[in-house]
There are 2 protein chains.
Amino acid sequence: MEQTQDEHPKGGVASLSVEGVLVGHGRVPKHVQVREYVRGLVREAQPGTAAPSERELVHQFHVARMTVRQAMDSLVAEGLLERIPGRGTFVAHPRRTVGRMRSFTEEMGSRGMLAESQTLLARRETAGPGVARALEMTAGDPVIHWRRLRRADGHPMCVEDAYLNEVLLPGFLQSGMPTSLYEALADRGLRPTWAEDSITADVANADEGRLLEIPAGGPVMRHSRRALAVEKIVEVSRSVYRGDRFTMWVQLGRET
Amino acid sequence: MEQTQDEHPKGGVASLSVEGVLVGHGRVPKHVQVREYVRGLVREAQPGTAAPSERELVHQFHVARMTVRQAMDSLVAEGLLERIPGRGTFVAHPRRTVGRMRSFTEEMGSRGMLAESQTLLARRETAGPGVARALEMTAGDPVIHWRRLRRADGHPMCVEDAYLNEVLLPGFLQSGMPTSLYEALADRGLRPTWAEDSITADVANADEGRLLEIPAGGPVMRHSRRALAVEKIVEVSRSVYRGDRFTMWVQLGRET
DNA sequence: TAGTGGTCTAGACCACTAT
DNA sequence: TAGTGGTCTAGACCACTAG
């Protein structure tokens with residue numbers, strides 16, 4: 001058959017993407033439209049629920065089967081669907097997730113605890129050599145320093161010093177400190193997607209002991225993070241956790 | 001054209017998979033053969049090196065372009081190649097790896113240190129409730145308990161208690177303790193591919209202090225790991241690291 | 001202008017599962 | 001036997017890059 005893209009024997013130019021009717025001259029590829037349609041169908045379905053069969057989608061969208069397969073392939077690749085030859089395509093059972101990055105709030109939430117934050121300090125500073133190197137800036141460059149006492153269910157859990165590249169966040173301090181740092185970054189198109197963490201054990205100094213309500217010299221975990229948004233380092237933080245109350249969880253995969 | 005699979009207008013039934021000639025009646029799908037051919041070409045190439053173009057592979061293997069694309073798709077998905085529209089397909093630049101699982105030996109090696117181990121204890125025991133739960137066994141089941149003092153460049157770094165499911169490892173103790181636990185597991189088809197780690201800060205007790213050559217009450221990091229090989233939990237370990245000498249590094253990704 | 005990857009078609013035969 | 005996913009063909013037009 002001659003290729004007359006976007007023009008079907010029956011139907012001609014389609015209109016809106018409702019119930020299997022594709023946008024005719026849109027620049028959204030058909031396989032993307034099919035993919036998003038299926039994603040919507042499946043979004044809140046139980047694992048094991050059957051997805052539409054490939055030939056069913058072929059008829060529904062009036063596209064070739066390879067186009068449908070392309071759509072399904074990507075959903076399978078991202079772990080949303082799984083194919084069982086001879087049986088069909090089904091909503092995948094949750095797989096083991098590897099090292100998912102979380103904010104303090106998310107971390108506590110996943111443990112069934114309520115996270116709270118108390119700002120101890122929020123100001124513009126000039127970067128010292130350590131912070132500058134971590135943020136890939138030059139010593140003396142302006143940074144935002146935000147120190148918070150973080151509680152879980154009302155109990156002190158850690159003291160966090162976050163340093164942000166002010167150049168990437170003009171007017172950040174003036175707009176009032178947000179409830180969630182990561183959401184505030186996301187609002188500016190700097191949602192952190194990758195982090196390097198380091199963790200070491202230490203003892204609390206007097207200040208830390210006072211804030212965390214433990215004796216000076218008590219065990220603490222020091223946690224440092226470099227958070228990146230699209231190849232840009234947006235946040236560097238150093239946190240001191242109570243050693244008696246906080247355990248860090250990590251999931252790791254091993255390459256084949 | 002009529003579908004006469006594995007029989008081409010020119011060439012007929014092919015022989016061995018050398019230089020683009022596919023196995024004719026083999027059960028290895030063509031896209032897999034093309035994929036592995038390209039993987040071999042590219043295995044040790046520098047990032048940025050051009051891979052063969054899709055049409056080039058079409059001619060070389062006498063297959064349809066969709067078949068070549070299927071092969072390339074999977075290499076792109078696994079991060080080996082990257083496509084640049086209008087330019088070609090290239091060996092991908094290394095991406096940020098997320099949470100890679102490592103053995104103590106690998107961990108120290110990556111820091112330029114030499115790892116050594118001294119076995120303090122290696123025997124058959126019956127699982128206590130905690131170990132049994134972690135190994136998904138029943139309390140009282142036989143486990144192998146292996147305690148090691150681990151050094152880096154000759155200095156004590158941690159004491160590790162590893163517990164192994166003896167049912168999965170018959171004769172393990174009798175065969176003499178291996179240099180590398182993970183390699184020994186791999187030899188038995190139980191190479192760990194996934195791990196759950198937890199890390200907390202604490203202080204050393206008297207025994208630990210003596211072994212690690214730090215004062216009792218000094219800061220330590222307690223690290224627990226559950227290691228899985230193909231859905232089977234093969235190892236559970238509890239390690240105590242010197243807080244003044246060891247920092248744990250983790251890379252994390254965030255889902256989109 | 002030639003070459004590349006991105007998208008798409010309208011079929012086909014296969015092995016497998018379920019009825 | 002009907003239906004499913006797995007594989008495969010032999011083309012096509014498009015937008016984009018590079019010489």
Side-chain angles (χ1 to χ4, degrees), chain A residues 1-11 14 22-35 38 49-77 81-92, chain B residues 1-14 22-36 38 48-77 81-92:
Chain A
M1 163 195 179
E2 279 165 44
Q3 171 79 357
T4 22
Q5 202 159 321
D6 295 338
E7 184 175 316
H8 312 108
K10 42 188 166 186
L22 297 186
V23 174
H25 293 296
R27 23 197 80 27
V28 180
K30 292 184 179 179
H31 69 90
V32 171
Q33 299 183 43
V34 175
R35 189 226 296 155
V38 174
T49 307
S53 80
E54 296 177 358
R55 286 165 181 83
E56 203 173 324
L57 291 165
V58 164
H59 287 117
Q60 201 173 337
F61 284 90
H62 306 297
V63 294
R65 190 163 157 234
M66 286 304 297
T67 305
V68 169
R69 280 188 68 77
Q70 197 175 351
M72 303 299 260
D73 278 345
S74 61
L75 293 173
V76 169
L81 299 180
E82 55 187 337
R83 291 200 252 236
I84 304 180
R87 291 195 48 212
T89 306
F90 304 87
V91 178
Chain B
M1 163 192 179
E2 279 165 43
Q3 171 78 358
T4 21
Q5 202 159 321
D6 296 338
E7 185 176 314
H8 312 107
K10 43 187 167 187
V13 176
L22 297 187
V23 174
H25 293 296
R27 24 196 82 28
V28 180
K30 293 184 181 181
H31 69 90
V32 172
Q33 299 183 42
V34 174
R35 190 225 295 155
E36 295 311 314
V38 174
T49 306
S53 80
E54 296 178 357
R55 286 164 181 84
E56 202 174 324
L57 291 165
V58 165
H59 287 117
Q60 201 172 339
F61 284 91
H62 306 296
V63 294
R65 189 162 156 233
M66 286 304 297
T67 305
V68 169
R69 280 188 68 77
Q70 197 175 352
M72 302 299 261
D73 278 345
S74 62
L75 293 174
V76 169
L81 298 180
E82 57 186 337
R83 290 199 255 236
I84 305 180
R87 292 196 45 212
T89 306
F90 303 87
V91 178

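Values below: every heavy atom of this structure, side chains too, minus hydrogens, waters and symmetry copies. Labels below follow one simple rule: chain letters A, B, ... track the order of the sequence lines, proteins then strands, and each chain is numbered from 1.
Between the C1' atom of dT7(C) and the CZ atom of Arg35(A) lies a distance of 13 Å, rounded to the nearest Å. What separates CD of Gln70(A) from C1' of dT9(C) is a distance of 12 Å, to the nearest Å. In this structure, Leu57(A) places its CG atom 16 Å from P of dG3(D), rounding to the nearest Å. Rounded to a whole Å, the CZ atom of Arg83(B) is 16 Å from the C1' atom of dG3(C). For Phe90(B) and dT17(D), the CZ to P distance is 12 Å, given to the nearest whole Å. Remark: C1' of dG11(C) and CD of Glu54(A) are 15 Å apart, rounded to the nearest angstrom. Remark: P of dG6(C) and CG of Asp73(A) are 14 Å apart, rounded to the nearest angstrom. In this entry the distance linking CZ of Phe61(A) with C1' of dA10(C) reads 19 Å, nearest Å.
Candidate nucleotides dT7(C), dT7(D), dG6(D) were compared by shortest atom distance to the side chain of Arg69(B), and dT7(C) ranks first. With dG5(C), dT9(C), dA12(C) as the choices, the nucleotide that has an atom nearest any side-chain atom of Arg65(B) turns out to be dG5(C). Of the candidate nucleotides dT7(C), dG6(D), dG5(C), dG5(C) has the atom nearest to the side chain of Pro85(B). Checking dG5(C), dA18(D), dA12(C) against the side-chain heavy atoms of Ser53(B) singles out dG5(C) as nearest. The nucleotide whose nearest atom lies closest to any side-chain atom of Met66(A) is, among dT9(C), dT4(D), dC8(C), dT9(C). In the set dC8(D), dG5(D), dC8(C), the nucleotide with an atom closest to the side chain of Lys30(A) is dC8(C). Taking the side chain of Arg55(B) as heavy atoms from C-beta on, and the options dT4(C), dT7(C), dC8(D), the nearest nucleotide is dT4(C). For Val63(A), the listed nucleotide lying nearest its side chain is dT9(C); candidates were dT9(C), dT9(D), dT7(C).
Listed by first residue number, the stems of DNA chain D with at least three Watson-Crick or G-U pairs below 3.5 Å are C:1-18 with D:1-18.
The side chain to side chain contact (heavy atoms under 4.5 Å, CB included) search around Val58(A) returns Arg65(A), Val68(A), not counting sequence neighbours. With sequence neighbours left out, Glu36(B) forms a side chain to side chain donor-acceptor pair (under 3.5 Å) with Arg39(B). For Arg83(B), the side chain to side chain donor-acceptor pair (under 3.5 Å) partners at least two apart in sequence or on another chain are Glu54(B), Asp73(B). In this view, Glu82(A) satisfies the salt bridge (Lys or Arg N to Asp or Glu O under 4.0 Å) rule with no residue, not counting sequence neighbours. For Ser74(B), the side chain to side chain donor-acceptor pair (under 3.5 Å) test picks out Arg35(B), with sequence neighbours left out.
Dashed line: the shortest gap from a side-chain N or O of Thr89(A) to OP1 or OP2 of dT4(D) is not under 4.0 Å.
When every heavy atom of Pro52(B) is checked against every heavy atom of Met72(B), the shortest pair comes out as O-CE, 3.8 Å.
We find the OG1-CG distance between Thr89(A) and Leu81(A) to be 6.5 Å, quoted to the nearest 0.5 Å. From Arg69(B), atom CZ reaches atom CD of Gln70(A) across 7.0 Å, with rounding to the nearest 0.5 Å.
Heavy-atom nearest nucleotides on DNA chain C were determined for Ala64(A) and for Ile84(A), and the one closer to the 5' end corresponds to Ala64(A).
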